[in-house]
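Take a look at the structure set out below.
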Number of protein chains: 2
Amino acid sequence: MLKNPIVLLDLVNRLGNLMRAEFRRIGSEDGLQPVHVLSLLFLEQANRFSNTPQALAEYLGLTKGTVSQSLLLLDRRGLIERYQDEIDKRVVRLRLSPQGEAFLSETNPAGLWQTATREISANRVRYSVSVLRTILYEIQNFSGGPAFGVCNTCVYCQRKSQRIHHCTWFGERLSGPETRKICREQVPKTGSLSASD
Amino acid sequence: MLKNPIVLLDLVNRLGNLMRAEFRRIGSEDGLQPVHVLSLLFLEQANRFSNTPQALAEYLGLTKGTVSQSLLLLDRRGLIERYQDEIDKRVVRLRLSPQGEAFLSETNPAGLWQTATREISANRVRYSVSVLRTILYEIQNFSGGPAFGVCNTCVYCQRKSQRIHHCTWFGERLSGPETRKICREQVPKTGSLSASD
DNA sequence: AAATTTTGATATCGATTCGATACGATAAAG
DNA sequence: CTTTATCGTATCGAATCGATATCAAAATTT
């Protein structure tokens with residue numbers, strides 16, 4: 001009999017393929033490839049420690065050279081903006097341009113997914129998220145790359161008061177909204193990996 | 001706050017990207033691209049109603065022309081065998097060649113995934129499978145393509161006796177092992193979508 | 001039974017991705 | 001100050017991929 005983890009892998013692959021096809025459809029009107037849509041979605045979610053070409057390359061599992069080309073295209077189309085980092089001048093920071101944000105809100109690449117998950121209870125979604133996140137974290141352990149988790153489920157994220165959080169990894173203050181973005185240095189709290197969070 | 005279904009989508013995308021990179025690594029020694037490894041994995045699992053170029057194209061979310069090229073390469077490398085269907089002579093059937101099977105067993109493309117899921121309980125895997133399968137089925141409803149589920153969780157799969165099953169869709173007998181492969185016409189039983197199966 | 005339409009698969013072509021490699025600029029280490 | 005490492009970009013060749021056209025077989029209609 002097929003081992004259940006393999007069935008799960010098959011589902012992840014297939015859902016990935018389907019969403020890839022959906023992103024292709026979404027982007028085709030504007031001449032964008034799936035990788036471009038994925039890049040825009042990433043930049044929408046990445047926090048200020050993770051909005052670099054390098055981080056995007058790790059997120060997509062591609063080389064930085066390849067990603068550099070995709071970013072060039074997005075820049076030419078005016079969908080993203082690139083600017084130099086103040087402190088480390090080798091680093092390029094990325095953000096969505098107003099057009100990029102408009103593209104996402106108009107096309108809503110996740111629309112199909114949202115429709116498909118409408119009837120699924122929040123509990124079941126949360127449970128699945130915790131399982132997949134555990135797997136992601138394990139894969140990161142074995143293959144070295146960052147896991148890219150949501151900031152507020154990270155061991156380094158400390159809540160100082162109602163509104164103020166602090167990241168003990170980067171040693172910086174975080175606003176509330178910032179703690180809901182995804183970060184390349186995220187290390188999940190053990191509690192956030194269980195089904196009961 | 002980010003809606004949980006979006007977090008789940010992000011995880012599926014990211015895991016898909018990572019496994020894609022892993023498949024690239026696996027195939028690189030033999031000059032195979034990720035899509036080729038995915039194709040071999042599909043053929044390993046597809047039942048005899050689903051081992052055609054068309055089904056593979058739907059599974060991968062690619063056009064049949066594109067898939068035809070990939071299959072040509074796999075054929076040239078001797079990893080798959082193609083043969084004409086007896087009844088419908090337009091249809092080409094696909095199967096792994098001995099070399100193809102050897103490739104999968106030697107490289108074990110799912111190895112990283114198996115390692116990463118080792119510590120996760122069978123229950124949690126099953127639960128996640130049921131959630132993702134529900135989503136997959138919903139996406140199929142909206143976008144038209146087949147869902148590719150495991151045969152024995154299908155409404156058309158009837159158990160006649162200890163060893164004999166029957167598919168009321170294709171109207172053919174099925175052996176036990178056959179009911180554990182994936183089929184393009186699979187329609188999940190409602191019970192198999194709940195968390196309690 | 002003949003003509004039409006549909007379906008499965010392949011071939012060709014151009015655009016684009018992607019990895020490998022090399023390169024330049026900045027930062028860090030010694 | 002020299003060396004080394006890191007981040008990003010540029011170039012090139014191989015390969016994917018979609019669009020379109022074509023071919024053959026089956027299904028449908030007339």
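Below, read A as the first sequence line, B as the second, and so on, with proteins coming before strands; counting in each chain starts at 1. The figures that follow rest on heavy atoms only: side chains count, while hydrogens, waters and symmetry mates do not. Fair warning: this is a prediction, and the values are worked out from it, not measured in the lab.
- Residue B:T63 places at least one side-chain N or O closer than 4.0 Å to OP1 or OP2 of D:dG18.
- Among the heavy atoms of the strands lying under 4.0 Å from A:R20 are primed sugar atoms or P, OP1, OP2 only; no base atom is included.
- Taking side-chain N and O atoms only, A:H36 has no distance below 4.0 Å to OP1 or OP2 of C:dT16.
- When rounded to the nearest whole Å, the span between CD of A:Q69 and C1' of C:dT21 equals 13 Å.
- The nucleotide whose nearest atom lies closest to any side-chain atom of A:D88 is, among D:dT16, C:dT10, C:dT26, C:dT26.
- Note on B:T52: only backbone sugar-phosphate atoms sit closer than 4.0 angstrom, heavy atoms only; bases stay farther off.
- Counting non-hydrogen atoms under 4.0 angstrom, A:L60 reaches nothing in the nucleic acid.
- Between A:D75 and A:L71, the closest side-chain pair of non-hydrogen atoms is not below 4.5 Å.
- More than 12 non-hydrogen atoms from other residues, nucleotides or ligands lie less than 6.0 angstrom from CZ of A:R159.
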- Item | Trace of the side-chain contact (heavy atoms from CB on, under 4.5 Å) decision for B:L9 with A:T117 | CA-CA 10 Å; B:L9 170 59; A:T117 53; over 6 Å; no
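- Taking for each of A:Q84 and A:S70 the nucleotide of DNA chain C with the nearest heavy atom, the 5'-most of the two is the partner of A:S70.
- OP1 or OP2 of C:dG8 has at least one side-chain nitrogen or oxygen of B:Q54 nearer than 4.0 Å.
- Across the protein-nucleic acid pair, A:E58 atom CD and D:dT6 atom P stand 12 Å apart, rounded to whole Å.
- The distance between atom CG of B:L73 and atom C1' of C:dA9, rounded to the nearest whole Å, is 17 Å.
- D:dG8 atom P lies 10 Å from atom CZ of A:R82, rounded to whole Å.
- Backbone-only engagement by A:K89 is indicated by non-hydrogen atom pairs under 4.0 Å involving sugar-phosphate atoms exclusively.
- Regarding A:E29, its CD atom lies at a distance of 16 Å from the C1' atom of D:dG18, rounded to whole Å.
- Comparing D:dA24, C:dT10, D:dC17 by their nearest atom to the side chain of B:R90 picks out D:dA24.
- Evaluation of atom-type donor-acceptor distances gives a pair under 3.5 Å for the side chain of B:T66 against the base of D:dG18.
- Mapping B:I87 and A:S68 onto DNA chain D by nearest heavy atom places A:S68 at the nucleotide closer to the 5' end.
- Rounded to whole Å, the distance from CG on A:L38 to P on C:dT17 is 13 Å.
- Nucleic acid contact class of A:R93 (heavy atoms, under 4.0 Å, all strands): none.
- OP1 or OP2 of D:dG18 lies within a sub-4.0 Å distance of a side-chain N or O belonging to A:R24.
- Atom pair A:R76:CZ and C:dA15:P shows a separation of 14 Å (rounding to whole Å applied).
- Listed here is the closest heavy atom pair of A:H166 and A:L174: C-CD1, 4.3 Å.
- The pair A:R25-A:E22 counts as a salt bridge, with a side-chain nitrogen and a carboxylate oxygen less than 4.0 angstrom apart.
- Closest contact between the side chain of B:V91 and the listed nucleotides C:dG8, D:dA15, D:dC17 involves C:dG8.
- Checked against B:D85 for a salt bridge (Lys or Arg N to Asp or Glu O under 4.0 Å), the options B:R90, B:R93, B:R48 give a single hit: B:R93.
- As judged by a 4.0 angstrom heavy-atom cut-off over every strand, B:V35 is placed among residues touching the sugar-phosphate backbone only.
- In this structure, of D:dA10, D:dT9, C:dA9, it is D:dA10 that holds the atom nearest to the side chain of A:L72.
- If you check every strand for non-hydrogen atoms under 4.0 Å, B:R25 touches nothing.
- Residue whose closest nucleotide on DNA chain C sits further toward the 5' end, between A:G65 and B:K64: B:K64.
- The listed nucleotides are D:dG18, C:dA9, C:dC18; the one nearest the side chain of B:L62 is D:dG18.
- Comparing D:dT16, D:dT11, C:dT17 by their nearest atom to the side chain of A:Q33 picks out C:dT17.
- Contact annotation: the side chain of B:L38 approaches that of B:R20 to within less than 4.5 Å [non-hydrogen atoms, C-beta and beyond].
- Rounding to whole angstrom units, CG of residue B:L56 and P of D:dT16 are separated by 13 Å.
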